[in-house]
Protein chains: 2
Amino acid sequence: MSNHETVNEILVRLFANILDIEEKCLKIGEFFDLSITEMHVIDNIGFTTERTMSDTAKAVKVTSGTLTTAIDNLIKKGYVERRRSSEDRRVVKIRLTEKGKAAFKSHEDFHKDLVISALQRLNSHEEEVLIKVLSNIDVFFSEKYKFAGW
Amino acid sequence: MSNHETVNEILVRLFANILDIEEKCLKIGEFFDLSITEMHVIDNIGFTTERTMSDTAKAVKVTSGTLTTAIDNLIKKGYVERRRSSEDRRVVKIRLTEKGKAAFKSHEDFHKDLVISALQRLNSHEEEVLIKVLSNIDVFFSEKYKFAGW
DNA sequence: CTCAATTACTTTGATAATCAAATTATATTT
DNA sequence: AAATATAATTTGATTATCAAAGTAATTGAG
C-alpha cells in the first residue's frame with residue numbers, strides 16, 4: 001500500500017472516530033442533555049457579551065429558522081438567554097447563561113485533553129511534521145471552499 | 001502560540017468545515033443526488049464482490065434498520081443491488097452497480113486530492129514520520145475510548 | 001428429529017436537525 | 001406615507017436516525 005493510501009485510510013478512520021468519541025463522551029458527562037449540534041451552537045456563542053441570531057446562524061452555517069428552533073431548545077434546557085434589542089426591535093440578542101458557560105468550558109476542556117493526549121508521545125520533530133500536514137489540509141479546504149461557492 | 005494551541009485551532013476549524021465542504025463538492029458534481037451519508041455507505045461497500053447488511057451496518061456504525069432504509073434509497077437511485085443469499089436465506093447481500101462504482105471512484109478522487117494536498121512539501125522521511133504519528137494517534141484513540149464502542 | 005433459541009433483516013413509530021417559503025414586526029428609503 | 005428591506009419566527013416538508021416489534025430462516029439441546 002502506498003503512503004498516500006495509508007494516510008487516507010488513517011485520516012478517514014480518525015475523523016470518524018473522533019466524532020464518535022465526542023458524541024459518546026458528551027452523553028456520559030454532566031451535559032448529557034445536549035446534542036453535538038447544540039454543543040457546537042454553544043461553542044459558537046461562547047463568551048461574547050451578546051450576539052444576534054443572524055450572526056450566529058451565519059457562523060454555524062444554518063438558516064435562521066433552524067437556529068430559532070435550536071435556540072428555543074437551548075433556552076428550554078437553560079443554556080441560553082434571549083432578548084430583543086432595544087435599539088432595533090427586529091433584532092434578537094442571545095448569550096450563554098451560567099450553565100451555558102459551564103458547558104462551553106467543559107467542551108473546551110475535552111478538546112484540550114484530546115489534543116494533549118494526541119501530542120503527548122511526539123517529539124518536536126514529529127510535532128512539526130503533524131502541524132505542517134494539518135496546515136496543508138486546512139489550506140486545501142479553504143481553496144475548495146472558495147470554489148464550492150458562497 | 002504553543003504547538004498544542006496551533007493543533008487545536010486547526011483541528012477545530014477543520015472539523016467545522018470538512019463535512020460541509022465534502023457535501024458542497026458532492027452537490028456540484030455528477031452525483032448530486034447522493035447525500036454525504038449515502039456516499040459514505042457507498043464508500044464502505046466499495047468494490048467488494050458482495051457484503052451482508054450486518055457487516056455494512058456495523059462498519060458504518062448505524063443500526064440495521066437505518067441501513068435498510070438507506071439501502072432502499074440507494075437502490076431506488078440505482079447505486080446498489082440487493083439479493084438474498086442462497087446459502088443462508090436470512091442473509092441479504094449488497095453490492096454496487098456500475099453507477100455505484102462510478103460514484104465510489106469519484107469520491108475516492110476527492111480523497112486522493114485531499115491527501116496529495118496534505119502531503120505537499122513533505123519529503124519521504126517526513127511522510128514516514130507522519131504515518132507513524134497518525135498510526136499512534138489512531139491506536140491511542142481506539143484504546144483510550146474503547147468504552148465508546150458500546 | 002423437533003421446537004426453543006438465536007440470527008439476519010425489515011418494519012414501525014418516534015424524534016432531531018434541517019431547509020425553503022410564508023409570515024410578522026420593525027426599520028429604512030424614496 | 002407608502003414601498004421596500006431586514007430580522008426573526010412559523011410552517012410544512014424531508015432526511016437520518018434509533019429502539020423495539022415483527023418476520024423468516026437457521027442452529028442446537030435434549
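Reminder, nothing fancy here: chain letters follow the sequence lines and each chain counts from 1. It should be emphasised that the depicted structure is a prediction, and the values quoted were computed from it without experimental measurement.
No side-chain N or O of B:Glu127 forms a donor-acceptor pair with one of A:His4 less than 3.5 Å apart. Counting only N and O atoms by type, the side chains of A:Asp72 and A:Thr69 include no donor and acceptor under 3.5 Å apart. Side-chain N/O atoms of B:Asn136 and A:Arg121 include no donor and acceptor closer than 3.5 Å.
Rounded to an integer number of Å, the gap from B:Glu50 CD to C:dA8 P is 17 Å. Between the C1' atom of C:dT29 and the CG atom of A:Asp88 lies a distance of 15 Å, rounded to the nearest Å. A:Ile71 places its CD1 atom 13 Å from the P atom of D:dT10, with the value rounded to the nearest Å. Distance A:Asp33 CG to C:dT15 P: 17 Å, rounded to the nearest Å. In this structure, NZ of B:Lys93 is placed 15 Å from C1' of C:dT7, rounded to the nearest angstrom. Per the geometry, NZ belonging to B:Lys27 stands 12 Å off C1' belonging to C:dC19, to the nearest Å. Note: CD (B:Glu87) to P (D:dT27) measures 11 Å, nearest angstrom. At whole-Å resolution of the value, NZ in A:Lys58 and P in D:dT6 are 11 Å apart.
Of the candidate nucleotides C:dA8, D:dT17, D:dA7, C:dA8 has the atom lying nearest to any side-chain atom of B:Val91. Residue A:Thr66 has its side chain nearest to C:dC19 when only D:dT9, C:dA27, C:dC19 are considered. Relative to the side chain of B:Arg84, the nucleotides D:dC18, C:dT26, C:dT10 differ in distance, and C:dT10 lies closest. Picking from C:dT10, C:dT7, D:dT6 the nucleotide with the shortest atom distance to the side chain of B:Met53 gives C:dT10. Checking D:dT6, D:dT17, C:dT18 against the side-chain heavy atoms of B:Thr37 singles out D:dT17 as nearest. For A:Glu38, whose side chain is taken as the heavy atoms from C-beta onward, the closest listed nucleotide among D:dC18, C:dA17, C:dT26 is C:dA17. Proximity note for B:Ser64 (side chain, C-beta onward) versus C:dT18, C:dT26, C:dT10: the nearest is C:dT10.
Nearer the 5' end of DNA chain C, as judged by each residue's closest nucleotide, is the contact made by A:Asn73, out of A:Arg90 and A:Asn73. Along DNA chain D, the nucleotide nearest to A:Thr69 and the one nearest to B:Ile36 differ in position, and the one closer to the 5' end is contacted by A:Thr69. Map B:Asp72 and A:Ser86 each onto its nearest nucleotide of DNA chain C; the residue landing nearer the 5' end is B:Asp72.
The shortest distance between the side-chain N/O atoms of B:Arg82 and the OP1/OP2 oxygens of C:dT10 is below 4.0 Å. Proximity of A:Arg89 to the phosphate of C:dT28: no side-chain N or O atom is located under 4.0 Å from OP1 or OP2. Here A:Thr63 reaches the OP1 or OP2 of C:dC19: one of its side-chain N or O atoms lies under 4.0 Å away.
Taking the six-membered ring where the residue is Trp, A:His107 and A:Phe110 present parallel rings, their angle staying beneath 30° rather than reaching 60°.
For B:His125 and A:His125, the ring centers are positioned less than 6.0 Å apart.
Residue B:Thr68 is classed as a base contact, given a heavy-atom separation below 4.0 Å to a base.
Nearest heavy atom pair, residue B:Leu34 against residue B:Lys27, reads O-NZ, 3.1 Å.
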